[in-house]
Protein chains: 2
Amino acid sequence: MGEQEKGFLELTKEIALLNEAVALLEWDSLTGMPEESSSYRGELVSYLASHAFEKSTSTEMAHYLSELHKNQSELSNELKKMVEKVQKEYDLNHKIPQNEYKDFIKVTSEADATWKKARETQDFKVFLPSLEKIIAYEKKFITYWKKDEATNYDVLLNQYEPGMTVAKLDKLFFELREGILAILAKIKENGTPPKTDFLTRFMSKENQKAFSTAVVKKMGYRFEAGRLDDTIHPFMQSMNRKDARITTRWDEHNYKMAIFGIIHEAGHGIYEQNISGKYDYTPLSGGVSMGIHESQSLFYEIVMGSDKLFWLDNYSLLQSYADGELDDVDFETFYKGLHETKSSLIRIEADTLTYPIHIIIRYEIEKMIFNEEVDVKDLPQIWNQKYQEYLGVTPTNDSEGILQDVHWSGGSFGYFPSYALGFMYAAQLQHTMAKEIDLEAIYKTGDYEPIRQWLTAHIHQYGAFKEPNELILEATGEALNPRYLLELQDRIYQMVYDY
Amino acid sequence: MGEQEKGFLELTKEIALLNEAVALLEWDSLTGMPEESSSYRGELVSYLASHAFEKSTSTEMAHYLSELHKNQSELSNELKKMVEKVQKEYDLNHKIPQNEYKDFIKVTSEADATWKKARETQDFKVFLPSLEKIIAYEKKFITYWKKDEATNYDVLLNQYEPGMTVAKLDKLFFELREGILAILAKIKENGTPPKTDFLTRFMSKENQKAFSTAVVKKMGYRFEAGRLDDTIHPFMQSMNRKDARITTRWDEHNYKMAIFGIIHEAGHGIYEQNISGKYDYTPLSGGVSMGIHESQSLFYEIVMGSDKLFWLDNYSLLQSYADGELDDVDFETFYKGLHETKSSLIRIEADTLTYPIHIIIRYEIEKMIFNEEVDVKDLPQIWNQKYQEYLGVTPTNDSEGILQDVHWSGGSFGYFPSYALGFMYAAQLQHTMAKEIDLEAIYKTGDYEPIRQWLTAHIHQYGAFKEPNELILEATGEALNPRYLLELQDRIYQMVYDY
């Protein structure tokens with residue numbers, strides 16, 4: 001190994017280690033850190049993150065990048081990819097003055113606390129000053145980053161899903177929305193609504209936990225390399241491939257929420273747990289993009305978790321945890337009830353059909369923030385209007401409206417569209433998977449390992465080595481196509497609503 | 001503020017931040033980190049700790065120390081103390097080659113895992129290779145550190161309790177042992193053993209937790225700046241004064257263990273939570289020594305927690321959490337039963353009378369390890385012989401013998417004597433406190449705040465600004481004197497055994 005390569009790998013390893021520490025500090029600050037410690041944690045995260053930032057934008061890094069670039073033809077494919085990825089990040093970060101980035105990290109850390117307080121008091125105004133600061137920073141950063149992107153918001157989109165643009169998304173989301181509206185119209189016209197009263201029957205937190213834990217273990221989530229905690233907003237945080245933690249929230253009169261929430265986060269965790277060890281401590285050691293990450297969480301949540309055969313295999317187990325509450329509910333009734341479509345205020349409680357509408361609302365608001373001159377204090381009103389317009393529902397307070405998601409308090413603008421991309425990727429992956437392995441037989445045996453193996457073989461193992469479009473093309477033989485998701489939804493909802 | 005002072009404080013702040021990160025990583029690795037992540041965690045802790053080490057031994061630090069030393073007369077008392085403390089650590093660390101220290105940190109991190117496995121399998125041999133490595137490193141380090149200390153073990157003692165020596169300790173421990181043996185002899189001759197069968201009655205973990213939590217809150221432990229978790233071995237870990245976490249273990253047929261364990265760790269936590277904020281991020285921000293730290297945990301555990309008036313105030317609360325199991329036990333019977341003295345195998349389960357004997361055993365073994373040529377593999381046998389000789393009991397396996405404590409797996413040799421020092425400090429502090437505030441009235445009102453305030457005023461607030469002997473002298477008007485502990489014990493055990 002050449003001197004340059006060795007130095008480069010050592011430096012990227014240091015960055016990976018600092019990021020690992022920051023990941024744990026952030027997980028801790030959301031799962032159980034004493035409340036009064038918040039500003040101390042902000043200070044610490046800021047210190048370590050800015051340290052990692054310094055290294056990734058250092059003259060030392062610039063030197064390695066330029067040296068390795070010169071000898072590109074002699075590099076392994078893996079190393080070439082690492083250099084390319086670090087170069088991209090270098091170009092991105094290099095333009096932000098270090099003190100601004102440090103301040104920004106501090107602001108997001110404090111915003112986490114004000115967001116929580118705002119949720120408690122159901123009052124957006126508590127969060128407003130933090131949000132304004134975060135948006136102001138993002139806008140400033142865009143001026144540093146912008147190259148030839150068509151709009152400001154394109155700059156952010158591209159960071160989460162390489163190559164994604166407002167132009168492409170407008171088209172994809174149009175097709176998706178039209179397709180969903182068509183299904184919703186069929187349901188409204190000819191559908192027979194399923195029975196759902198049993199979904200709000202009591203199930204203790206302990207029993208929900210026991211069932212969800214059993215199910216995600218079957219799916220392939222390994223607790224030896226993970227754990228489950230309680231948070232306001234569920235998330236997966238990976239320190240390394242042997243430590244990919246998930247969280248959930250509970251409602252003893254809505255067991256569906258925690259079950260599907262845990263399955264979703266476990267899907268993220270399974271992805272991280274199965275990335276090849278050869279990428280440890282390199283820039284390729286994590287998932288490649290937010291969209292592909294969501295494709296894995298959503299595969300488990302809305303593809304597997306919506307499959308009739310999956311529930312045929314697991315319904316009796318759920319019944320056994322229901323303390324008799326589900327004894328009078330036969331399988332067909334239960335399965336149909338799971339797939340009631342109903343306009344919801346909360347994204348993570350939305351059904352698989354209307355979910356993308358929640359994303360489209362956030363997408364439109366984010367476009368307004370960055371491509372138009374909207375006043376941040378007007379956002380709750382805009383939010384509420386859009387929910388009324390598209391879904392026919394209006395939040396009664398900010399906690400069930402604009403304050404529901406953690407993303408903006410962390411400065412993650414441009415992230416939301418990934419969820420809808422993940423939906424489409426997931427359905428497309430299943431379409432191909434179903435041709436290659438006998439899913440019916442797998443669900444019947446109750447051994448889901450072949451499904452996990454297929455996903456590991458085509459997606460997980462590569463970490464960030466292959467680009468999203470490359471992964472999807474190689475796994476399915478074609479580029480992203482919304483058709484498979486719409487077909488999947490039509491199949492499920494036709495079965496449920498009998499339209 | 002001069003340039004040198006500013007630079008020095010910035011550098012020590014960086015070290016404090018790195019140590020804070022390491023503290024959380026270590027807390028996490030003991031409270032719930034996924035098992036497979038152990039080697040990754042070792043790598044990360046090693047990286048950050050060696051980073052802090054580099055800074056504290058850097059030429060930059062040497063420069064600040066020498067410059068500030070030159071202008072000593074112009075420095076504030078606080079800054080003078082900081083410089084002195086950092087200089088001492090510099091001299092200590094400066095002598096260890098960086099790669100050796102890095103390896104050592106890695107070894108202790110792995111030792112934590114082998115110690116746990118050894119406990120599970122009750123087999124010292126599983127832990128032996130790690131322990132041998134740790135001891136070999138410690139011995140090597142002693143050769144670097146040793147100045148004019150009389151013995152090798154003195155070098156380690158002095159690190160935990162400044163100024164402590166084998167010569168002094170031999171004398172203190174002799175006096176203490178003789179005094180304890182005299183009390184034990186009186187008990188054996190004329191004592192009436194208390195009734196204790198109710199101590200093993202069932203109390204659910206939840207109820208033990210509810211009671212202990214209520215009690216330590218009354219004592220002054222603030223959960224807004226702390227939390228309680230489960231571990232094999234209880235400990236307190238402080239990230240900063242707003243985040244001082246405690247842990248415990250549970251036995252539903254031995255409620256006394258968790259209750260006193262939690263009170264003990266809360267005592268450590270109360271100390272950290274009440275250090276003055278003006279020392280934040282400086283070398284003075286933590287407790288001054290292990291002995292003084294133990295004086296606080298033991299004050300709460302064996303002084304307050306052994307006081308008849310304390311239990312008079314809290315027994316009915318405990319009864320209310322006992323689901324009727326203590327309804328037939330009157331207060332006098334309960335209080336006496338709490339203070340049964342009985343040879344125990346496990347240090348943290350020992351009664352307040354025999355506890356120091358457990359310490360003396362470890363002290364003697366550590367002296368053998370460092371001042372004589374004992375073979376590490378013979379330690380379990382030596383351990384077992386000493387327990388038989390002093391306490392008349394022999395462990396049936398290594399988990400209830402030499403594997404019971406976490407300290408050696410972390411390389412903490414020379415630490416154990418601090419517990420016995422803490423005992424003596426605690427009793428001496430109470431002796432003075434009782435003359436200055438009306439403890440009887442305080443226990444009767446149930447508002448313990450004046451006790452916490454007295455300790456904060458005389459001990460807590462100073463952090464590491466004052467030395468142990470200085471604190472004790474200023475708080476009590478005399479140097480450490482074992483007499484108060486022996487008097488306290490004689491008073492309690494006379495009351496209980498009626499000798």
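For clarity, every value in this text was computed on a predicted model and none was experimentally measured. Each chain gets a letter, A, B and so on, in the order its sequence line appears, and its residues count up from 1.
- B/Ser130 and B/Thr114 share a side-chain donor-acceptor pair at under 3.5 Å.
- Looking at heavy atoms from C-beta onward, B/Met82 lies in side-chain contact with B/Leu284 at the 4.5 angstrom threshold.
- Residue B/Tyr40 touches chain A through both its backbone and its side chain, counting heavy-atom pairs closer than 4.5 Å.
- Residues B/Met219 and B/Arg452 are not in side-chain contact: their nearest non-hydrogen atoms beyond the backbone lie 4.5 Å or more apart.
- At a 4.5 Å heavy-atom cutoff, the contact between B/Tyr281 and chain A is made by side-chain atoms alone.
- For chain A, the nearby part of B/Asp280 is the side chain; its heavy atoms alone come within less than 4.5 Å.
- Looking at B/Thr31, the atoms closer than 4.5 Å to chain A (heavy atoms on both sides) all sit in the backbone: N, CA, C or O.
- Among B/Arg245, B/Arg41, B/Glu35, the residue making the largest number of heavy-atom pairs under 4.5 Å with chain A is B/Arg245.
- Ring planes of B/Tyr101 and B/Phe104: tilted class, angle from 30 to 60°.
- Within the 4.5 angstrom heavy-atom criterion, only side-chain atoms of B/Asp28, from C-beta onward, approach chain A.
- Contact of A/Asn240 with chain B is made through the side chain alone, with heavy-atom distances under 4.5 Å.
- Taking the six-membered ring for Trp and thresholds of 30 and 60 degrees, B/His293 and B/Tyr271 have ring planes inclined between 30 and 60 degrees apart.
- Of the listed residues B/Ala244, B/Gly226, B/Ser39, the one with more heavy-atom pairs under 4.5 angstrom with chain A than any other is B/Gly226.
- Considering only heavy-atom pairs separated by less than 4.5 Å from chain A, the leading option among B/Ala21, B/Ser38, B/Pro34 is B/Pro34.
- Ranked by heavy-atom pairs under 4.5 Å with chain B, the first of A/Glu43, A/His51, A/Met33 is A/Glu43.
- Contact check for A/Lys209 versus A/Trp250: side-chain heavy atoms found under the 4.5 Å cut-off.
- With a 4.5 Å cut-off on side-chain heavy atoms, A/Phe53 and A/Leu18 do not count as touching.
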